[in-house]
Amino acid sequence: MAGIGIQLQRMLRKNTLAGAAQAYTVAGLVGSGPWLMSIVAILAISVIAALDGRDGAAVEQFQVSVSYLMAGSLILTSPLQLLFTRYAADRMFERRDGVILPNLMGALCLTLSISTLGGGIVLLLWFDEPWPYQLCMLANFVVLSCIWIVQIFASAIRAFRPLLAAFALGYLITAWAALAFQSFGLVGLLAGFFVGQAVLLFALLAMVVREFPASALMAFAFLRRDQVFPRLALIGLLYNAAVWCDKFVFWRDPLTGTAIVGPLRASVVYDLPIFLAYLSLVPGMAVLVVRLEVELAQKCEAFYRTITSGGNHQAVKLAHGQLVAAVRHGLSDIVKIQIVTTAIVMLFAGEILSLFGISPLYQPLFAIDLVAVALQLAFLAMLSILFYLDRQAIALKLCAMLLVSNAAFSWLSVQLGPQFFGYGFALAVLLTCASAALYLSHTLDHLIFETFMLQPSARASSQAAPCPPASST
């Protein structure tokens with residue numbers, strides 16, 4: 001995230017309220033990324049179509065179809081997302097930017113092939129809907145999968161204004177095209193969604209091509225054995241599966257789920273409150289990006305460079321203390337802003353739900369969802385810090401814990417009845433968040449010792465421990 005980090009530093013150096021507001025706004029939009037605009041676009045399309053008196057069944061089928069497309073594409077590409085992020089970060093750390101773009105093209109070629117093959121097999125085996133619907137689903141699935149790979153570089157682009165304009169343009173076109181084609185029913189809505197996503201994909205890709213020089217047309221060096229980190233791939237898969245598994249539990253259960261289109265099911269009780277709750281993360285995401293990229297990244301790099309440059313014990317301890325302070329201040333600021341945001345949204349929960357035509361009876365579920373996603377943000381922040389410190393084994397344990405606990409507690413909440421809906425997800429995130437805090441505290445306390453003594457080069461020789469690879473966040 002070097003590009004956005006540099007721009008945020010420049011904004012904050014102004015020491016003005018306007019500069020700070022600009023920095024946090026940019027950080028919030030870039031950090032939230034396509035998932036935020038996807039939710040907004042889907043909600044906008046649904047609300048406008050409903051007000052226009054269009055077929056409510058087609059709108060509901062569209063919402064559910066896009067939800068499955070998002071979930072499936074994120075889970076499918078999650079291993080490659082982290083693997084390629086790590087590869088690109090390492091090459092940028094080595095000042096070898098010329099190899100990044102060819103390997104991105106290779107990653108997109110791989111994603112295109114796997115998503116087309118995988119999506120086609122799923123459609124052939126489980127869908128009996130007309131071929132135009134299946135074609136739109138496959139096209140959207142492939143485009144979304146490619147977007148998740150290209151958006152890795154969104155925060156590395158220094159020209160943040162065109163980046164934000166690309167996101168806005170893509171989702172404005174998504175909403176416009178879906179509404180323009182809605183007379184064709186579900187297929188028209190999906191076709192419009194595809195048009196907007198395709199525009200966003202090529203706009204992002206064009207900016208990445210301009211940002212990074214190319215030494216070749218296509219390469220697959222990121223798949224070499226020494227560049228593949230199985231733990232990172234598994235972390236990406238487990239985390240995204242964990243985030244979505246509570247939704248799948250509610251969708252598949254016959255008491256809470258309803259068949260909408262083909263094999264796709266939805267939960268009228270659970271879905272909309274949780275998706276609305278995720279919108280409350282934008283302020284917290286802004287603080288997370290600013291704190292990680294402006295302060296923590298600098299302190300982390302300074303700590304490891306102090307070691308690799310032969311700094312004495314006092315210098316190393318000073319750099320370590322500054323790193324720990326940056327972690328504490330960053331987490332504290334994220335938690336504070338998210339508590340305030342959650343409290344404000346809870347205060348106006350009734351009005352927000354009524355705006356989307358949701359009964360006030362859903363307010364308790366909405367409240368627990370707000371708490372749960374706030375805890376998820378805290379966990380994401382600690383997971384990102386563990387990535388900075390290259391503690392992949394710990395991150396893997398935590399993501400596995402989140403997946404298992406979320407699946408088990410969500411299933412249990414369904415069995416206990418409506419008054420417990422949402423508590424499974426919240427309890428799972430709380431448990432994982434508390435464990436992450438303990439692991440992070442232990443890691444920071446023993447960071448100097450582990451950096452010197454647990455590196456292979458330290459065990460094999462008397463050389464100083466090498467700097468861990470660049471962040472994979």
(message) For a quick test of reading the model, state the closest non-hydrogen atom pair linking Ile334 to Ala381 and the distance between them.
(response) CD1-CB, 3.8 Å

(message) Between Asn140 and Val66 (side chain of the first, backbone of the second, donor and acceptor by atom type, cut-off under 3.5 Å), is there such a pair?
(response) no

(message) More than 12 heavy atoms of other residues, nucleotides or ligands under 6.0 Å from CZ of Phe202: yes or no?
(response) no

(request) Check whether any side-chain heavy atom of Phe84 sits under 4.5 Å from a side-chain heavy atom of Thr77, and report yes or no. (result) no

(message) Walk me through whether Ser267 and Lys247 qualify under side-chain contact (heavy atoms from CB on, under 4.5 Å).
(response) CA-CA 8 Å; Ser267 176; Lys247 290 80 174 170; over 6 Å; no

(message) Ignoring hydrogens, what is the shortest heavy-atom contact between Ser145 and Ser73? Give both atom names and the distance.
(response) OG-CB, 3.5 Å

(message) Quick check: do Cys399 and Leu383 have side-chain heavy atoms less than 4.5 Å from each other?
(response) yes

(message) Which residues pass the side chain to side chain donor-acceptor pair (under 3.5 Å) test with Lys397, not counting sequence neighbours?
(response) none

(request) List for me each residue that meets ring pair (Phe, Tyr, Trp, His ring centres under 6.0 Å) alongside Phe379, sequence neighbours excluded, and say none if there are none. (result) none

(message) Applying side-chain contact (heavy atoms from CB on, under 4.5 Å) to Leu200 and Thr174, what does each step give before you reach the verdict?
(response) CA-CA 9 Å; Leu200 175 60; Thr174 296; over 6 Å; no

(message) Minimum heavy-atom separation for Val64 and Ala266, please, with both atom names.
(response) CG2-CB, 3.5 Å

(message) Within the structure provided, determine whether Leu440 and Ile394 are in side-chain contact (heavy-atom separation under 4.5 Å).
(response) no

(request) Answer yes or no: is there a donor N or O on one side and an acceptor on the other, between the side chain of Ser441 and the main chain of Ala437, under 3.5 Å? (result) no

(message) Taking the side chain as everything from C-beta on, heavy atoms only, tell me whether Phe387 gets closer than 4.5 Å to Leu82.
(response) yes

(message) Rounded at 0.5 Å granularity, tell me how far CZ in Phe62 sits from CD in Gln182.
(response) 10.5 Å

(request) Return the minimal non-hydrogen interatomic distance between Leu398 and Thr432, and the atom names on each side. (result) O-CG2, 3.5 Å

(request) Without swapping roles, check the side chain of Ser413 against the backbone of Tyr423 for a donor-acceptor pair under 3.5 Å. (result) no

Side-chain donor-acceptor contacts of residues 101-117 below 3.5 Å, not counting sequence neighbours, with atom names and distances?
unit_1, atom_1, unit_2, atom_2, d
Asn103, OD1, Ala221, N, 2.7
Asn103, OD1, Phe222, N, 3.1
Asn103, ND2, Tyr87, OH, 3.0
Asn103, ND2, Val99, O, 2.6
Thr111, OG1, Ala107, O, 2.8
Ser113, OG, Cys109, O, 2.9
Ser115, OG, Thr111, O, 2.6
Ser115, OG, Leu112, O, 3.3
Thr116, OG1, Leu112, O, 2.6

(message) Does anything in residues 123-136 form a side-chain hydrogen bond (donor to acceptor under 3.5 Å, both in side chains)? List the pairs, not counting sequence neighbours.
(response) Ser65-Tyr133

(message) Minimum heavy-atom separation for Leu375 and Ala426, please, with both atom names.
(response) CD1-O, 4.0 Å

(request) May I ask you to test the Ile358-Leu276 pair for a side-chain heavy-atom distance under 4.5 Å? (result) yes

(message) Going by the rule side chain to side chain contact (heavy atoms under 4.5 Å, CB included), which residues pair with Asp246 if we only count those two or more places apart in sequence or in a different chain?
(response) Tyr270, Asn406, Ser410, Phe425

(message) Tell me every residue that passes side chain to side chain contact (heavy atoms under 4.5 Å, CB included) with Ser332, counting only those two or more places apart in sequence or in another chain.
(response) Lys336

(request) Output all residues satisfying side chain to side chain contact (heavy atoms under 4.5 Å, CB included) with Val199, sequence neighbours left out; order by chain, then residue number. (result) Leu169, Ile173

(request) Find out whether Val371 and Met346 are in side-chain contact, i.e. whether some heavy atom of one side chain is under 4.5 Å from a heavy atom of the other. (result) yes

(message) Taking Arg265's backbone N and O only, do any of them form a donor-acceptor pair with Tyr68's side chain (distance below 3.5 Å, no angle check)?
(response) yes

(request) Indicate yes or no: at least one non-hydrogen side-chain atom of Leu416 is less than 4.5 angstrom from one of Phe421. (result) no

(message) Could you tell me if the side chain of Cys300 sits less than 4.5 Å from the side chain of Leu389, heavy atoms only?
(response) yes

(request) Can you sort out the partners of Arg224 under salt bridge (Lys or Arg N to Asp or Glu O under 4.0 Å), two or more places apart, ordered by chain and number? (result) Asp226

(request) Measure the CG-CD1 distance between Leu365 and Ile274 for me, rounded to the nearest 0.5 Å. (result) 7.5 Å

(message) Tell me every residue that passes salt bridge (Lys or Arg N to Asp or Glu O under 4.0 Å) with Glu295, counting only those two or more places apart in sequence or in another chain.
(response) Arg291

Would you give me the side-chain donor-acceptor pairs under 3.5 Å for residues 229-240, sequence neighbours excluded?
unit_1, atom_1, unit_2, atom_2, d
Tyr239, OH, Gln376, NE2, 3.4
Asn240, ND2, Gly236, O, 3.0

(message) Assess, by modelled atom type and distance only, whether the side chains of Asp253 and Trp411 contain a donor and an acceptor separated by less than 3.5 Å.
(response) no

(message) Set out, in order, the CA-CA distance, both residues' side-chain angles and the distance that settles side-chain contact (heavy atoms from CB on, under 4.5 Å) for Leu264 and Met137, then state yes or no.
(response) CA-CA 12 Å; Leu264 306 185; Met137 288 290 285; 4.1 Å; yes

(request) Apply side chain to side chain contact (heavy atoms under 4.5 Å, CB included) to Val335 and list each qualifying residue two or more places apart in sequence or on a separate chain. (result) Ile339

(message) If you compare all heavy atoms of Ala277 against all heavy atoms of Phe366, which two are closest, and at what distance to 0.1 Å?
(response) N-CE1, 3.7 Å

(message) Go through it in stages, so that I can follow the logic: the residues are Val269 and Thr256, the test is side-chain contact (heavy atoms from CB on, under 4.5 Å), and I'd like the CA-CA distance, side-chain angles, deciding distance and then a yes or no.
(response) CA-CA 7 Å; Val269 176; Thr256 57; 5.6 Å; no

(message) Is it the case that atom CG in Leu217 sees more than 12 heavy atoms from other parts of the structure closer than 6.0 Å?
(response) no

(request) Calculate, to the nearest 0.5 Å, the distance between atoms CG and CD1 belonging to Leu205 and Ile149 respectively. (result) 12.5 Å

(request) Answer yes or no: are there more than 12 heavy-atom neighbours, outside Phe220 itself, under 6.0 Å from its atom CZ? (result) yes

(request) Can you measure from CG (Asp90) to CD1 (Ile100) and round to the nearest 0.5 angstrom? (result) 10.0 Å

(message) Counting neighbours of CZ on Phe248 that are heavy atoms of other residues, nucleotides or ligands and sit closer than 6.0 Å, is the number greater than 12?
(response) yes

(message) Using 30° and 60° as the class boundaries, would you call the ring planes of Phe184 and Phe181 parallel, tilted or perpendicular?
(response) perpendicular

(request) Tell me, please, which residues at least two apart from Arg91 pass salt bridge (Lys or Arg N to Asp or Glu O under 4.0 Å). (result) Glu94

(request) Could you tell me whether the side chain of Gln338 and the main chain of Ser280 form a donor-acceptor pair under 3.5 Å? (result) yes

(request) Calculate, to the nearest 0.5 Å, the distance between atoms CG and CE belonging to Leu431 and Met401 respectively. (result) 5.5 Å

(message) Within this structure, what is the CG-OG1 distance for the pair Asp271 and Thr258, rounded to the nearest 0.5 Å?
(response) 9.5 Å

